[in-house]
2 protein chains.
Amino acid sequence: MSELSSISRKEQIVEEAANLFRLKGYASATMRDLAAELGIEAASIYHHYKSKEELLEKICFDMADKFITNAKEVNDIYFNAEEKLRLSIKLHVELITENQNQSAVFLSEWRSLSEPKLSLFKQLRQQYENQFMIILKDGEKEDIFDHTDIKFAVLSILSTINFVNEWYKVDGKMNPAEIAEKLSNFILGGLRKKATLNR
Amino acid sequence: MSELSSISRKEQIVEEAANLFRLKGYASATMRDLAAELGIEAASIYHHYKSKEELLEKICFDMADKFITNAKEVNDIYFNAEEKLRLSIKLHVELITENQNQSAVFLSEWRSLSEPKLSLFKQLRQQYENQFMIILKDGEKEDIFDHTDIKFAVLSILSTINFVNEWYKVDGKMNPAEIAEKLSNFILGGLRKKATLNR
DNA sequence: ATTTTTGTCTAACAAACGTTAGTAAAATGA
DNA sequence: TCATTTTACTAACGTTTGTTAGACAAAAAT
């Protein structure tokens, strides 16, 4: 049982850390803040984690892992480019909405990582972005997407689907799947080749 | 001349502060960092500004002012909704690319403001967002935009055009006007009513 | 029953923080 | 030239920071 409750405590600390880092920013959130939220003393945290930055690292890299796993899942399924893009967006939105705190840290607080973890993290992010580029390139070949600056499009897409985390509320009108569909329509409307009659 | 050089020094401090706040985040950037960058001592800054937060406030509210001025300029010109949206996007992108540091602070570091300035700032942001909502509503009436969740669309648009600040480089391939046009096309493609034959 | 492990505590540390006080130098105006 | 204003300096302050050391209690394992 010590094993189980230990894991649970460790996870509890990380979850509260993510919440706090999101709320106040990594630099402004103190170990005493975190401890208070957990009902313990700051020193006690060091029994579970060896530094404040280790908490940040865990959150950032765990999320990076999940995003990349999603991307691989998409490419394992042999759909056309449009379906791949729609699935990518759906998984992305679901991951974000199901882990809002950790996602916020992954999306904005990673800048506080110090080398060499910082470079490693950037590399993983790049890896994920590349998956989207591949999908868009495929779509261009399949002639279902407009010819466009691929990198430009990927960044625009990601910025849009990442921003979900800043307005999504669990008790809101739309559920994640609906949000993903709306976003996909919005984005694809901008990508899909129009009938020649209007412009 | 004392007047002039005083203003210039004051501006120099704010500009370097914006650069530093963007680079390290407000909380992580120290007054000693800022002083070192200026070639003076930390205490000397307090002759020009009474606190660190005053610097943040100046950057945030100066930029808010500029964004809102832009929005008013757009509404003073009586174009149709599509032209209004295109102009809004253009002015937005130009403002961002011409003030990358201050824009980054305006976009992300405002969370470090403390009350009551924080509430005031949020109010100004809301004011700016509302201008976009009005344009989209007009476009719906004029029947040139698809019927869509207006708030959803505005947030998607803003997230996309704000994200420009994270990848734009002054020496890059595209100039601000070109970026604005591409973004407008991308966004409008998603908004504009399609010919009925494709979906 | 006793040892070991686990989780927490109190106390304190050195370093870094924003900021203030008082002083000196440099620029400006008479 | 002298007085005034502007700008910077040195030195230090009181806090807050992340973190460590060592003790103590509870739980688990032997």
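Just so we're clear, the structure is a prediction, and the values are computed from it rather than from any experiment.
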What pairs with B:Ser156 under side-chain hydrogen bond (donor to acceptor under 3.5 Å, both in side chains), at least two apart in sequence or on another chain?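 Checked B:Ser156 against side-chain hydrogen bond (donor to acceptor under 3.5 Å, both in side chains); zero matches.
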Is there a residue in residues 51-58 of chain A whose heavy atoms reach under 4.0 Å of DNA chain D, and which residues are they? A:Ser51, A:Lys52
List in numerical order all residues of residues 25-34 of chain B for which some heavy atom is under 4.0 Å away from an atom belonging to DNA chain D.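 Heavy-atom cutoff 4.0 Å gives B:Arg32.
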Aromatic plane relationship, B:Phe152 with A:Phe186 - under 30° parallel, 30 to 60° tilted, over 60° perpendicular: perpendicular
Angle between ring planes, A:His92 versus A:Tyr128, binned at 30° and 60°: parallel, tilted or perpendicular?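 Parallel.
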OP1 or OP2 of [N] versus the side-chain N and O atoms of [X]: is any pair under 4.0 Å?
X: A:Arg9; N: C:dT8; value: yes
X: B:His47; N: D:dA8; value: no
X: A:His48; N: C:dT8; value: yes

Show me the protein contacts with nucleotides 24-26 of chain D, counting only N or O atoms at under 3.5 Å.
none

Pairwise side-chain hydrogen bond (donor to acceptor under 3.5 Å, both in side chains) hits with a residue in residues 106-118 of chain A, at least two apart: A:Glu53-A:Ser114, A:Glu115-A:Ser119
Go through A:Tyr168 and A:Ile96 one step at a time and tell me if the side-chain contact (heavy atoms from CB on, under 4.5 Å) criterion holds. CA-CA 9 Å; A:Tyr168 174 77; A:Ile96 281 185; over 6 Å; no
Can you measure A:Ile13 atom CD1 to C:dT6 atom P for me and round it to whole angstrom units? 15 Å
Quick one: A:Tyr49 OH to C:dG7 P, roughly how many Å, whole number? 11 Å
For residues 37-46 of chain B, which residues have at least one heavy atom under 4.0 Å from DNA chain C?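 Result for residues 37-46 of chain B: B:Ala43, B:Tyr46, sorted by number.
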Pair B:Glu178-B:Lys182, salt bridge (charged side-chain N to carboxylate O under 4.0 Å, His left out): steps then yes or no: CA-CA 6 Å; B:Glu178 287 166 345; B:Lys182 274 203 155 188; over 6 Å; no
